[in-house]
Number of protein chains: 2
Amino acid sequence: MKKEKRSHCPINFSLESFGDKWSLLIIRDIIFKNKSYYGEFLDSEEKISTNILANRLSLLERENIIRKRKDPANSSKYIYSLTEKGIALLPILLELIHWGAKYDPDTDAPDAFIEQLEADREGLIWEIVASLEK
Amino acid sequence: MKKEKRSHCPINFSLESFGDKWSLLIIRDIIFKNKSYYGEFLDSEEKISTNILANRLSLLERENIIRKRKDPANSSKYIYSLTEKGIALLPILLELIHWGAKYDPDTDAPDAFIEQLEADREGLIWEIVASLEK
DNA sequence: CTGTTCCACTTGCAAAATGCAAGTGGAACA
DNA sequence: TGTTCCACTTGCATTTTGCAAGTGGAACAG
């Protein structure tokens with residue numbers, strides 16, 4: 001099914017499944033920026049290049065973290081979305097946000113979001129998951 | 001101080017600070033395997049190569065995530081340890097463990113650890129932080 | 001003081017991954 | 001039937017990685 005992992009340390013397993021910068025930025029775009037088309041991912045602020053994007057989408061699909069489907073509204077386009085396994089990455093992304101917001105003096109993270117994250121992490125997770133499933 | 005980041009998205013900031021596989025495995029070794037010497041990191045299960053190890057240690061030191069000091073017990077050796085900023089990565093590692101343990105059928109993660117993580121995350125965090133600070 | 005050992009790197013080089021720009025192929029629309 | 005649009009693919013120069021061997025300095029042994 002997937003490439004052999006170097007070890008079954010759970011951290012290593014996670015890192016080898018999705019743990020490179022571009023994969024996580026794609027997942028960020030799906031969760032927090034509501035992106036779903038190839039062209040939308042290409043437009044990211046960090047300027048991913050097209051061959052890397054194609055490569056990461058296919059790796060993530062092979063890992064069952066994202067899923068690719070025809071757009072019912074426009075049969076010549078594809079929609080990329082998270083699987084349940086991909087949605088389960090949300091807590092990791094939230095911790096990345098938390099750390100980044102704390103240590104980057106110029107962070108773009110909105111204060112209100114960080115406050116909610118600190119005050120009611122579980123509630124925030126449910127809220128975001130619900131928005132992904134609808 | 002550090003290399004310019006591509007964006008101030010907090011996720012991207014985190015990923016560019018420590019977000020590559022080897023950096024995170026070094027941090028794992030410090031936190032969960034009590035390693036502190038260069039030679040100990042070289043011995044990791046995942047077989048990091050020596051030039052990459054040296055490169056990552058100096059990057060992490062530049063990012064103020066780890067600190068390098070002479071070993072008081074043996075002045076010809078160096079001890080690497082986490083700073084407060086490095087210790088703050090613990091929740092991220094715990095979420096990586098959680099996800100990896102959940103989706104790897106052959107995971108090495110001990111059941112008891114995962115149960116404690118699910119039952120009392122905050123308590124577990126405090127326990128590990130305390131063990132790092134002593 | 002001199003030679004050996006140990007440790008923490010450094011260097012050189014081949015192989016793999018990345019980034020950039022341009023090209024392709026197939027569906028839909030004109 | 002020709003044009004447009006979109007999701008990739010390809011080619012190639014540059015960068016990063018991995019592997020193996022080498023170096024330099026501190027400490028210890030004789």
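Protein chains get the first letters and strands the later ones, always in sequence-line order, with residue 1 at the start of each.
Side-chain N/O atoms of A:Ser36 and A:Asn34 include no donor and acceptor closer than 3.5 Å. In the model, B:Ser14 has no side-chain atom that pairs as donor or acceptor with a side-chain atom of A:Tyr103 under 3.5 Å.
Rounded to whole angstrom, the span from the OH atom of A:Tyr38 across to the P atom of C:dG26 amounts to 17 Å. If you measure from atom CG of A:Asn55 to atom P of D:dA7, you get 18 Å, rounded to the nearest angstrom. Distance, B:Arg56 CZ to C:dT10 C1': 16 Å, rounded to whole Å. Nucleotide D:dA13 holds its C1' atom 13 Å from the CG atom of A:Asn51, rounded to whole Å. The CG atom of B:Asn74 sits 8 Å away from the P atom of D:dC28 (whole-angstrom rounding). Distance, A:Leu53 CG to D:dC6 C1': 13 Å, rounded to whole Å. To the nearest angstrom, P of C:dA8 lies 14 Å from CD1 of B:Ile48. Atom CG of B:Asp71 and atom C1' of D:dA27 are 14 Å apart (whole Å).
The side chain of B:Ile52 approaches D:dG18 more closely than any other nucleotide in the set D:dA27, D:dA7, D:dG18. For A:Arg6, counting side-chain heavy atoms from C-beta on, the closest listed nucleotide (D:dC8, C:dG19, D:dG18) is D:dG18. The side chain of A:Lys77 lies closest to D:dC6 when the candidates are C:dA8, D:dA21, D:dC6. Distance from the side chain of A:Ser76 is smallest for C:dA27 among the nucleotides C:dC9, D:dA27, C:dA27.
Between A:Lys68 and D:dC8 there is a side-chain N or O to OP1 or OP2 distance below 4.0 Å. Here A:Trp22 does not reach the OP1 or OP2 of C:dT18: none of its side-chain N or O atoms lies under 4.0 Å away.
Pairing partner, C:dA30: D:dT1, with both Watson-Crick or wobble hydrogen-bond distances short of 3.5 Å. Pairing of D:dA13, defined by two Watson-Crick or G-U wobble distances under 3.5 Å, is identified with C:dT18. Under the Watson-Crick and G-U wobble criteria, each requiring two contacts below 3.5 Å, nucleotide D:dT23 is paired to C:dA8.
The aromatic rings of A:His8 and A:Phe13 lie parallel to each other, with less than 30° between the two planes, well short of the 60° mark.
Comparing B:Ser49 and A:Tyr37, the nucleotide of DNA chain D nearest to each residue sits closer to the 5' end for A:Tyr37. Comparing A:Lys47 and A:Ser75, the nucleotide of DNA chain C nearest to each residue sits closer to the 5' end for A:Lys47.
No engagement by A:Lys21 is indicated, since no non-hydrogen atom pair under 4.0 Å with the nucleic acid exists. As judged by a 4.0 angstrom heavy-atom cut-off over every strand, A:Phe41 is placed among residues making no nucleic acid contact.
In terms of heavy atoms, A:Lys47 sits closest to B:Arg6 at O-NH1, 3.7 Å.
Under the 4.5 Å side-chain heavy-atom criterion for ILVMFWY residues, no single connected hydrophobic cluster contains both A:Tyr37 and A:Tyr78.
Using a 4.0 Å cut-off between a side-chain N of Lys or Arg and a carboxylate O of Asp or Glu, B:Lys77 and B:Asp71 do not qualify as a salt bridge.
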